[in-house]
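Position 1 is the first residue of the sequence; numbering continues from there.
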Amino acid sequence: MSLSVEPGQVVAVVGGAGSTLFDTVCGFVRPEAGEITWRGSALRPRPHRLTTLGGLARTLQGVGLYGGLTVLENVLVGAAGVPPVAAVPAGRHGGVGVALLGGAQLRPRGEELRQLARDALTRLGAGEYLDAELAAVPTSLHIRVVLARALLVGPELLVLDDPTAGLEAAEAAALAGMLRPQAGSDHAVLITTTDAEFAALSADRVVTLDP
């Protein structure tokens, strides 16, 4: 396959192999052939080197949300990159729902970080839930929490892995409307999904994977 994403675009990849494609881009799967380029240079990612890359953020399906923390605290946990020990359920590791590639690009602290998190949640329609425990809010809002985490690093490319998993059609449509404004002159959004209707609503261009 051949695929490119340009600044200002929302591109959706439709097909069951989309997550494998994203795992290849992030270095969790090593390709047998071909080339991946980022900013005009060859990209040979390895999972332990992801934070040395700049400008990418990838959300992960259903990983690292903590019901005992507030919505705002869940975003701050992801931004810091290290979950508080008390918030991690027994047997779970420190995955925080978004792989921050180049996370050092934006690492403000204290009240500045909190305000950025509030602003991101408000833009995504979750502002009224800032101080509510995550376990008490509709599960359809969880993807917005994950998105807010990713947006805090100001990514040039925001990579979303199956963001509509578990969502009703109306909520998926609402999410589609929120994603378009995230693509600007300097950044883009790449989505993998099995929901063709969501792809049509959210993306400027749709790529279909047919294994």
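Residues that satisfy the side chain to side chain contact (heavy atoms under 4.5 Å, CB included) test with A42, not counting sequence neighbours, are E35, R44. Applying the side chain to side chain contact (heavy atoms under 4.5 Å, CB included) criterion to E6, with sequence neighbours excluded, gives S4, Q9. L134 meets the side chain to side chain contact (heavy atoms under 4.5 Å, CB included) test with L65, V71, N74, V137, H142, V145; sequence neighbours excluded. For R205, the salt bridge (charged side-chain N to carboxylate O under 4.0 Å, His left out) criterion is met by no residue, not counting sequence neighbours.
Residues L209 and L3 share a single hydrophobic cluster, defined by chaining ILVMFWY side chains whose heavy atoms lie under 4.5 Å apart.
The shortest side-chain heavy-atom distance between T139 and L141 does not fall under the 4.5 Å cut-off. Within the 4.5 Å cutoff, no side-chain heavy atoms of I191 are placed close to those of V13.
A pairwise comparison of heavy atoms in A148 and V75 identifies CB-CG2, 3.9 Å as the closest pair. Smallest separation of non-hydrogen atoms from I143 and P163: CG1-O, 3.5 Å. Of all non-hydrogen atoms in A150 and L158, the two that sit nearest each other are CB-CD1, 3.4 Å.
Here the side chain of T70 pairs a donor or acceptor atom with the backbone of E73 at under 3.5 angstrom.
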Criterion side-chain contact (heavy atoms from CB on, under 4.5 Å) on L147 and L175, from CA distance to verdict: CA-CA 10 Å; L147 282 175; L175 179 62; 3.6 Å; yes
Residues I36, T24; criterion side-chain contact (heavy atoms from CB on, under 4.5 Å); working and verdict: CA-CA 9 Å; I36 303 169; T24 304; 3.9 Å; yes
Stepwise side-chain contact (heavy atoms from CB on, under 4.5 Å) test for V207 and V11: CA-CA 7 Å; V207 177; V11 177; 4.2 Å; yes
L160/T192 under side-chain contact (heavy atoms from CB on, under 4.5 Å): CA gap, chis, key distance, verdict: CA-CA 6 Å; L160 308 179; T192 178; over 6 Å; no
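Residues in residues 164-179 take part in these salt bridge (Lys or Arg N to Asp or Glu O under 4.0 Å) pairs, two or more places apart or across chains: R144-E171.
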Using residues 121-132 as the side-chain source, report each donor-acceptor pair under 3.5 Å to any protein atom, sequence neighbours left out, with the distance given to one decimal.
unit_1, atom_1, unit_2, atom_2, d
T122, OG1, R118, O, 2.9

Got a list of side-chain donor-acceptor pairs under 3.5 Å for residues 197-204, not counting sequence neighbours?
unit_1, atom_1, unit_2, atom_2, d
S202, OG, F198, O, 2.8
D204, OD1, R180, NH1, 2.8
D204, OD2, V10, N, 2.8

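To the nearest 0.5 Å, atom CG of residue L76 and atom CZ of residue R114 are 5.5 Å apart.
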